[in-house]
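What follows is one structure encoded as structure tokens, with my remarks underneath.
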Amino acid sequence: MKEYNEILDTIRVVEMRNEAEVYFQKYWLDKDEYFEKWRSIQNSIFDSRAEFLPDMMFNNGFELYPLVGGGIFVSRLDYECLQYCMGETGDESFVVIQNKSVVVEGWPFTRFTYKVDSTWDELMSGGIFGSEHFNNPVKDYFVFGDSANWGRYVGTSWIVPGTQPLSRPLNIMGFKKEYSDLFAKSFEEVRRREPQITPGILLSEWLPDSYRHLHSVSF
């Protein structure tokens with residue numbers, strides 16, 4: 001029995017269920033493959049002791065580059081910038097792993113795997129339920145490739161303590177030092193698309209304190 005059957009059983013509209021099932025058959029990451037291949041890569045990038053923001057999610061040795069979040073990818077441009085970087089870092093595949101420490105009632109834990117050459121339209125082809133993870137405003141995710149050279153922590157649920165109960169979603173890129181110029185230049189345009197939230201505001205008002213004073217945070 002496939003893990004995703006639990007999700008499919010909640011879908012009452014036949015067309016939507018079929019659309020999601022085709023998507024899951026193509027992109028769902030089975031538990032065995034996750035533990036055999038991807039879990040060790042995840043732990044080489046992300047600190048396995050960290051739960052969620054404001055914890056430091058990355059291991060030592062990774063340069064950090066924060067972006068305004070709100071989804072795993074906030075736009076087609078965001079994804080295509082990462083896609084270009086993955087081509088340069090030698091990735092063949094990447095995964096999207098839900099953070100189990102951020103509990104969302106009523107939805108099972110999800111994992112997906114994609115080829116680096118997957119198009120934006122292919123990623124979004126699962127309909128409301130199949131591609132739900134790309135549009136969910138409360139879940140957090142780990143995104144990383146098989147090269148182990150980079151990772152993205154999707155902190156959609158992050159709320160700055162002491163502020164009004166409004167989320168300050170962050171997508172924090174981490175990458176090995178030799179790829180600093182590649183990622184910074186590639187995502188510069190993504191940052192420019194957020195004119196109201198400047199890098200200064202991101203640093204002073206959005207980032208957790210544990211990230212704010214790191215010399216590796218690149219602006």
Side-chain angles (χ1 to χ4, degrees), residues 2-4 7 16 18-46 58 62-65 67-99 109-136 139-154 156 171-193:
K2 295 292 186 180
E3 294 174 89
Y4 55 71
I7 301 174
M16 291 181 176
N18 292 341
E19 189 176 36
E21 185 171 18
V22 170
Y23 191 88
F24 292 154
Q25 288 171 346
K26 188 172 183 180
Y27 298 118
W28 188 271
L29 176 60
D30 288 333
K31 183 185 296 185
D32 289 345
E33 182 183 351
Y34 169 65
F35 282 104
E36 289 172 6
K37 176 180 179 179
W38 293 99
R39 181 61 181 269
S40 61
I41 299 175
Q42 180 177 340
N43 288 341
S44 74
I45 301 169
F46 301 100
F58 289 86
F62 284 85
E63 300 281 312
L64 303 181
Y65 191 92
L67 297 161
V68 175
I72 294 171
F73 303 115
V74 298
S75 64
R76 182 190 296 263
L77 174 65
D78 184 24
Y79 171 62
E80 290 177 350
C81 286
L82 180 58
Q83 194 175 33
Y84 171 75
C85 291
M86 288 190 288
E88 295 296 307
T89 55
D91 294 280
E92 295 182 357
S93 302
F94 70 97
V95 293
V96 174
I97 310 294
Q98 186 181 340
N99 183 355
F109 176 62
T110 56
R111 297 180 300 269
F112 297 90
T113 179
Y114 304 92
K115 296 294 185 183
V116 169
D117 61 0
S118 298
T119 67
W120 175 259
D121 290 340
E122 288 172 331
L123 264 58
M124 302 297 165
S125 65
I128 294 174
F129 295 95
S131 302
E132 172 273 337
H133 51 296
F134 287 117
N135 301 294
N136 193 292
K139 294 181 180 179
D140 285 14
Y141 297 89
F142 302 96
V143 183
F144 54 97
D146 52 7
S147 71
N149 287 317
W150 65 275
R152 167 178 288 199
Y153 185 71
V154 180
T156 306
N171 285 348
I172 302 177
M173 296 297 306
F175 36 81
K176 292 183 178 178
K177 187 174 182 178
E178 58 264 36
Y179 297 108
S180 293
D181 287 344
L182 169 68
F183 279 88
K185 290 178 180 177
S186 296
F187 283 96
E188 184 178 357
E189 177 62 23
V190 176
R191 273 195 174 162
R192 284 203 294 263
R193 295 291 180 93

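These numbers were taken from a predicted model, which means no experiment stands behind them. Starting from 1, each residue takes its place in the sequence as its number.
- A salt bridge links Glu132 with Lys139: at least one charged nitrogen is closer than 4.0 Å to a carboxylate oxygen.
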Output, in order, the C-alpha distance, side-chain angles, deciding distance and verdict of side-chain hydrogen bond (donor to acceptor under 3.5 Å, both in side chains) for Asp121 and Thr119. CA-CA 5 Å; Asp121 290 340; Thr119 67; 5.3 Å; no
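- Shown here for Tyr23 and Leu123, the closest heavy-atom pair between the two residues is OH-O, 2.5 Å.
- With respect to the salt-bridge test (charged N to carboxylate O, under 4.0 angstrom), the residues Glu188 and Lys185 do not qualify.
- Contact check for Asn149 versus Met86: no side-chain heavy atoms found under the 4.5 Å cut-off.
- Taking all atoms of both residues into account, the shortest heavy-atom contact from Thr89 to Asp91 is OG1-OD2, 2.5 Å.
- For Glu92 (side chain) and Val116 (main-chain N/O), no donor-acceptor pair under 3.5 Å exists by modelled atom type.
- Looking only at side-chain heavy atoms (C-beta outward), Val68 and Arg193 stay at 4.5 Å or farther from each other.
- Residue Lys37 places its NZ atom among more than 12 non-hydrogen atoms of other residues, nucleotides or ligands, all under 6.0 Å distant.
- Closest of all the heavy-atom pairs between Ser93 and Trp38 is O-CH2, 3.8 Å.
- Using a 4.5 Å heavy-atom cutoff, the side chains of Phe58 and Ile45 are in contact.
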Could you walk me through whether Leu182 and Tyr84 pass the side chain to side chain contact (heavy atoms under 4.5 Å, CB included) check? CA-CA 9 Å; Leu182 169 68; Tyr84 171 75; 3.6 Å; yes
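- Under the 4.0 Å criterion applied to side-chain N and carboxylate O atoms, Glu3 and Arg111 are assigned as salt-bridge partners.
- Across Ser180 and Glu63, no two heavy atoms sit closer than the pair OG-CG, 3.2 Å.
- Residue Glu122 holds its CD atom at 12.5 Å from NZ of Lys115, rounded to the nearest 0.5 Å.
- Here the CG atom belonging to Asn18 is positioned 12.5 Å from the CZ atom belonging to Phe129, to the nearest 0.5 angstrom.
- Using a 4.5 Å heavy-atom threshold, the side chains of Arg191 and Tyr65 count as touching.
- Ring-plane geometry between Tyr79 and Trp120 is classed as tilted, the angle between the planes lying from 30 to 60 degrees on a 0 to 90 degree scale.
- In Leu77, the CG atom is crowded: over 12 heavy atoms of neighbouring residues, nucleotides or ligands sit closer than 6.0 Å.
- A search for side chain to side chain donor-acceptor pair (under 3.5 Å) contacts involving Tyr153 returns Asn99, Asp140, not counting sequence neighbours.
- Interatomic distance, Ile172 CD1 to Phe62 CZ, rounded to the nearest 0.5 Å: 14.0 Å.
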Kindly indicate, with the supporting measurements, whether the criterion side chain to side chain contact (heavy atoms under 4.5 Å, CB included) is fulfilled by Thr156 and Asn136. CA-CA 8 Å; Thr156 306; Asn136 193 292; over 6 Å; no
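- When every heavy atom of Leu82 is checked against every heavy atom of Met173, the shortest pair comes out as CD1-CE, 4.0 Å.
- Here the shortest heavy-atom pairing between Val190 and Cys81 reads CG2-SG, 3.8 Å.
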CA sep, side-chain torsions, deciding dist, call: Phe112, Trp28, ring-ring contact (aromatic ring centres under 6.0 Å, His included): CA-CA 5 Å; Phe112 297 90; Trp28 188 271; 5.3 Å; yes
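- At a cut-off of 3.5 Å, with distance as the only test, a side-chain donor of Tyr34 or Gln42 sits close to an acceptor on the other residue.
- Of the listed residues (Tyr114, Phe134, Tyr4), just one forms a ring-ring contact (aromatic ring centres under 6.0 Å, His included) with Tyr27, and that residue is Tyr114.
- In this structure the side chain of Glu88 never reaches within 4.5 angstrom of the side chain of Tyr179, judged on heavy atoms.
- A distance of 8.0 Å separates CD1 in Ile97 from OG1 in Thr113, rounded to the nearest 0.5 Å.
- In this structure, Ile41 and Val95 have side chains that are not in contact, with every pair of non-hydrogen atoms separated by 4.5 Å or more.
- Proximity of Phe144 to Ser44: side-chain heavy atoms (C-beta onward) are nowhere separated by under 4.5 Å.
- Within the 4.5 Å cutoff, the side chain of Leu67 has heavy atoms near those of the Arg152 side chain.
- Distance CZ/Phe175 to CG/Asp181: 9.0 Å, rounded to 0.5 Å.
- Within the model, atoms OH of Tyr141 and CD1 of Ile72 stand 5.0 Å from one another, a figure rounded to the nearest 0.5 Å.
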